[in-house]
There are 2 protein chains.
Amino acid sequence: MAMSAEQESADQEPAGRDLDEPGTGGAGGRVTVTAMPARRTPRGTLSRQVLLDSAREIVDIGGVNALSMRALGARLGVDPTAIYRHFQNKNELLDALADQMIRGEEPLPATGDPAADLRDSLRQLRRQLLRYPTLAPSVLRQPPGTGSWWDRMEHAVGALRATGRSAAEAAAAWQTLLFFVVGHSLVEARHLAENLAADRVGAPMPTVNPSRSRYPELAAVAPYLHADLDDQFEAGLDRLLGA
Amino acid sequence: MAMSAEQESADQEPAGRDLDEPGTGGAGGRVTVTAMPARRTPRGTLSRQVLLDSAREIVDIGGVNALSMRALGARLGVDPTAIYRHFQNKNELLDALADQMIRGEEPLPATGDPAADLRDSLRQLRRQLLRYPTLAPSVLRQPPGTGSWWDRMEHAVGALRATGRSAAEAAAAWQTLLFFVVGHSLVEARHLAENLAADRVGAPMPTVNPSRSRYPELAAVAPYLHADLDDQFEAGLDRLLGA
DNA sequence: ACCTGAACACCGTTCAAGT
DNA sequence: ACCTGAACACCGTTCAAGT
């Protein structure tokens, strides 16, 4: 990741960062990631990679809403419209960002134990989404079966077949697993993003505490709901892979 | 629902509606949902319900990006800032919209066959998300265990227990099922939204056709991947509920 | 070839003013 | 009590111009 250390100079604003999709006007919580030494990037050094790295830093510090063409330009000491030499528009930039998030930086696990490798690769994907909580919903930009998904899919399907599953079984298992991991991670990511925005970190998911009269079933089951999200995730994998 | 029929007067613009999160400037594809008879809403008739209904119409016609405070005001013949009497801000409006999407309009199935009712309720949830493809990601605004989820959860957990599962089993099964349904539906919804934006409807998901040399596992498994998303969804439920 | 600057058509939100 | 209008501080993107 290599995030610049200078991020915490804007400590004056008490509120956290923006969480929600649209522009979010003047009210509290705007963090201007832009404010930087703003070393003017010399001509010819702008490139997709340079832009993507800066964009990821902005997202890391201020969330995806802090990422505007203007903020990105400012961070690099460059006119915002210069970005359009390298990306057709902001959507293309977000696509590329999503692709990098899916790919990640760690190699896919290859210990020789296919069952363990499969689980690890799914944990890896989850970790990757939780690392950029506000960017996580952008995974949906890359439909499974395109871009960075291919390598993950090849790896997972290979592992499934290596555990003795037929091609048909492996195909079906992969599709179900993937949707579970995506669903789980997106719900978690949203929760994480909300906590980051409110500057409380590590808050647990709201405990289900239903009124026994209105929600008798829920009340009966509440003690068994996994409070810990790691446990919940692993239990889901157990269920889908056959513990 | 009850969407006004007058939507297709803005037929001049060839391109579809906006898909992507941010404002999306001048380029093709902007549909102004605003253009309406703009009957001036008389004083005192503005309410949360009126605003939500109009907002849903805008989302239905132009996608979630067409929903701006200004557009909503214009649709009702009202100053945009009047909305702030009824919702603190746009996020609160989107929360309420998400809540209505999760709740839906059909009652939860209650045929007496708990296994069938459970599956039906999950299909219902999926349908509800696919009905507003661009709004679908907003389900993440309501974390499971809040708002409209409670009734769905009560219903599902009740059904699971009625099929003989223990409380612990029912809790674990529900959590896994929910994440699968959410993941599946969000991926589908994105695909749907993209097709609507491009004015091609009913296009299938991109077929996985990997090069046999780079992706041998994928190639072996490709024929078994469900091309049809309904089948894929049902297969996932089979897997999670024990066919 | 690559970047700049001004401009266009939008945003969400606040606040003083009107009825 | 409820709505309006002007204003503020933003957006993404285009296009002619500069170096």
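Bear in mind the structure is a predicted one, so any value in this text is a computation, not a measurement. In the text below, chain A, chain B and the rest are named by the order of the sequence lines, each starting its count at 1. We use all heavy atoms of the structure for the numbers below, so side chains are in, but hydrogens, waters and symmetry mates are not.
- The distance between atom CD of A:Gln88 and atom P of D:dG12, rounded to the nearest whole Å, is 16 Å.
- If you check D:dT14, D:dC3, C:dC3 against the side chain of B:Leu46, the one that comes closest is D:dC3.
- The partner of D:dC8 is C:dG12, by the rule that a Watson-Crick or G-U pair needs both atom distances under 3.5 Å.
- In this structure, the nucleotide among C:dG12, C:dA7, D:dT4 sitting nearest to the side chain of A:Arg70 is C:dA7.
- Taking the side chain of A:Lys90 as heavy atoms from C-beta on, and the options C:dG12, D:dT13, D:dC2, the nearest nucleotide is D:dT13.
- Following rounding to the nearest Å, B:Asn91 (CG) and C:dG12 (P) show an atom-to-atom distance of 10 Å.
- Residue contacts for B:Thr81: at a heavy-atom cut-off of 4.0 Å it reaches a base atom on one of the strands shown.
- Distances were taken from every side-chain heavy atom of A:Tyr84 (C-beta onward) to each of D:dG12, C:dC2, C:dT13; the shortest belongs to D:dG12.
- The NZ atom of B:Lys90 sits 7.5 Å away from the CE atom of B:Met69 when rounded to the nearest 0.5 Å.
- The cationic group of B:Arg123 does not satisfy the cation-pi geometry with B:Phe233, failing either the under 6.0 Å distance to the six-membered ring centre or the 45° limit from the ring axis.
- Regarding A:Ile83, its CD1 atom lies at a distance of 11 Å from the C1' atom of D:dT13, rounded to whole Å.
- Following rounding to the nearest Å, B:Arg48 (CZ) and D:dC2 (P) show an atom-to-atom distance of 15 Å.
- We find that NE2 of B:His86 is positioned 10 Å from C1' of D:dA1, with the value rounded to whole Å.
- The nearest whole Å value for the distance from the CG atom in B:Leu67 to the C1' atom in C:dG12 is 12 Å.
- Atom CZ of B:Arg48 sits in a crowded spot, with more than 12 heavy atoms from other residues, nucleotides or ligands closer than 6.0 Å.
- Judged by Watson-Crick or G-U wobble contacts below 3.5 Å, the nucleotide C:dA1 has D:dT19 as its partner.
- Nearest nucleotide to the B:Asn89 side chain, out of C:dG12, C:dC3, C:dT13: C:dT13.
- As rounded to whole Å, 15 Å separates atom C1' of C:dT4 from atom CG of A:Leu76.
- Remark: C1' of C:dC15 and CZ of B:Arg85 are 11 Å apart, rounded to the nearest angstrom.
- Of the listed nucleotides (D:dT4, C:dG12, D:dG12), D:dT4 has the atom at the smallest distance from the side chain of B:Asp79.
- A salt bridge links A:Arg131 with A:Glu105: at least one charged nitrogen is closer than 4.0 Å to a carboxylate oxygen.
- Looking at B:Arg103 and B:Asp99, a side-chain N of the basic residue comes within less than 4.0 Å of a carboxylate O on the acidic one, giving a salt bridge.
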